[in-house]
Amino acid sequence: MEHLVELRLRLIKCILAVVAGAVACWVLYPQILDLMVQPYCDIVPEQAVAEEAARQNLFGGCELLVLDPLEPFSVRLTVAGYGGLTLAIPVILWQVWRFVQPGLYPRERRHAAAFTVVGALLFALGAGLAYWSIPRALKFLATIGGEDLVTGFSPAKYLSFVIKMMAAFGIGFEFPILLVFLQFAGIIHYRQLVRWRRFAIVGIVALVAVITPSGDPFTLMVLSVPMYLFYEAAIVIGWLRDRRARRETSDEADDSALEASPAGSLGED
């Protein structure tokens with residue numbers, strides 16, 4: 001019962017953190033929306049009043065087309081909700097860590113803390129890389145249909161695309177955490193990862209094609225290359241961990257042999 005009461009308190013703190021972050025994002029909505037729309041503005045020509053710009057964009061600029069009277073309100077709610085969840089991630093991870101900490105051994109606590117911090121940093125790095133790659137993906141998607149198509153994105157669909165891109169990259173950057181955790185748990189060995197290397201390349205490209213909403217070649221390359229490098233990094237981490245474990249086992253065996261030897265017994269006397 002005490003554990004369930006603590007779980008309820010942790011959940012309440014997480015919810016309050018999300019609500020506080022959502023209120024802050026609701027107030028800062030104009031600035032956040034400008035930041036989200038900036039990748040779209042990057043692909044619009046500088047002289048928006050020119051004939052070429054008018055052909056590329058319905059408004060001659062990078063405004064979003066509202067087709068539903070309720071859409072502006074729902075878009076603001078969406079931005080506030082996802083923004084609040086993003087701002088609350090450190091608090092949520094901290095509450096999860098404090099909840100599971102009493103049941104862990106000291107060595108497991110060190111690993112869990114490292115996994116939490118590195119996981120948050122990798123997710124942020126992946127989301128930032130997605131934000132950088134979105135203009136290239138939009139340019140590809142806006143031009144692949146031909147010159148007879150006029151570009152005019154609705155806010156809901158555009159923000160959904162941006163959020164899915166950032167989430168896909170963030171989740172993809174958690175790939176090394178999963179591989180290292182499986183090695184620490186003894187489920188897989190780094191030698192297995194070495195044998196699976198050729199299949200991993202094909203699997204990573206296929207996975208990226210599924211989880212990214214754009215599916216353009218540039219996005220596939222931008223996410224697939226880091227994920228494969230992470231795969232190789234997980235192999236190196238597993239090799240280093242296995243090497244250290246063998247060295248510790250060898251040192252313990254040498255110490256045991258020294259204590260069991262006659263010279264060791266003489267030294268104790």
Side-chain angles (χ1 to χ4, degrees), residues 11-46 48 53 56-96 116-117 119-142 151-174 211-216 218-219 222-223 226:
L11 289 176
I12 291 175
K13 291 180 180 179
C14 292
I15 294 173
L16 291 177
V18 173
V19 171
V23 171
C25 292
W26 180 277
V27 175
L28 299 175
Y29 169 77
Q31 293 81 4
I32 296 175
L33 185 62
D34 289 342
L35 184 66
M36 301 287 281
V37 177
Q38 186 59 43
Y40 180 33
C41 295
D42 290 342
I43 69 171
V44 177
E46 294 181 0
Q56 290 290 333
N57 186 275
L58 182 63
F59 315 102
C62 56
E63 296 88 356
L64 300 177
L65 177 63
V66 176
L67 300 175
D68 185 349
L70 299 177
E71 193 170 11
F73 180 71
S74 64
V75 166
R76 190 157 190 162
L77 282 179
T78 301
V79 170
Y82 281 106
L85 182 62
T86 302
L87 293 178
I89 283 178
V91 177
I92 294 173
L93 292 177
W94 175 251
Q95 295 302 323
V96 172
T116 302
V117 174
L121 292 176
L122 286 176
F123 188 91
L125 181 62
L129 183 61
Y131 185 82
W132 172 80
S133 66
I134 284 174
R136 285 82 179 171
L138 287 176
K139 189 173 183 179
F140 172 82
L141 296 174
T151 301
F153 298 136
S154 69
K157 293 184 177 180
Y158 172 79
L159 291 178
S160 174
F161 172 79
V162 173
I163 291 171
K164 288 178 181 178
M165 283 283 289
M166 298 179 72
F169 273 68
I171 294 173
F173 270 54
E174 299 296 316
I211 65 176
T212 53
S214 63
D216 62 285
F218 180 81
T219 303
V222 169
L223 185 54

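Residue numbers start at 1 and run along the sequence shown.
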Check the surroundings of atom CZ in Phe123: do more than 12 heavy atoms from other residues, nucleotides or ligands lie under 6.0 Å from it?
yes
Straight-line distance of [X] [atom1] to [Y] [atom2], nearest 0.5 Å:
X	Y	atom1	atom2	answer
Thr86	Ile163	OG1	CD1	8.5 Å
Leu122	Ile171	CG	CD1	13.5 Å
Leu87	Tyr82	CG	OH	15.0 Å
Thr78	Phe73	OG1	CZ	10.0 Å
Met36	Ile134	CE	CD1	7.0 Å
Leu16	Gln95	CG	CD	10.0 Å

Decide if the gap between the ring center of Phe153 and the ring center of Tyr40 is smaller than 6.0 angstrom.
yes
State, to 0.1 Å, how close [X] and [Y] come at their nearest heavy-atom pair, and which atoms those are.
X	Y	value
Pro72	Pro69	CD-O, 3.4 Å
Cys25	Ala80	CB-CA, 3.8 Å
Met165	Thr219	CE-CG2, 3.9 Å
Ile92	Cys14	CA-SG, 3.9 Å
Val222	Ser133	CG1-CB, 4.4 Å
Ala168	Leu223	O-CD2, 4.3 Å

With side chain to side chain contact (heavy atoms under 4.5 Å, CB included) as the criterion, how do Leu33 and Leu159 come out once you've worked through the C-alpha distance, each side chain's angles and the decisive distance to 0.1 Å?
CA-CA 9 Å; Leu33 185 62; Leu159 291 178; 4.3 Å; yes
Decide yes or no for [X] and [Y]: does some side-chain heavy atom of the first lie under 4.5 Å from some side-chain heavy atom of the second?
X	Y	answer
Val37	Leu64	yes
Phe169	Leu125	no
Arg136	Phe140	no

Go through the steps to decide whether Tyr131 and Gln38 satisfy the test side chain to side chain contact (heavy atoms under 4.5 Å, CB included), and finish with yes or no.
CA-CA 10 Å; Tyr131 185 82; Gln38 186 59 43; 3.5 Å; yes
Name all residues meeting the side chain to side chain contact (heavy atoms under 4.5 Å, CB included) criterion together with Ser160; count only those two or more places apart in sequence or in a different chain, and write none if there are none.
Lys164
Look only at the side chain of Tyr29 and the backbone of Val75, and say whether a donor-acceptor pair between them is shorter than 3.5 Å.
no
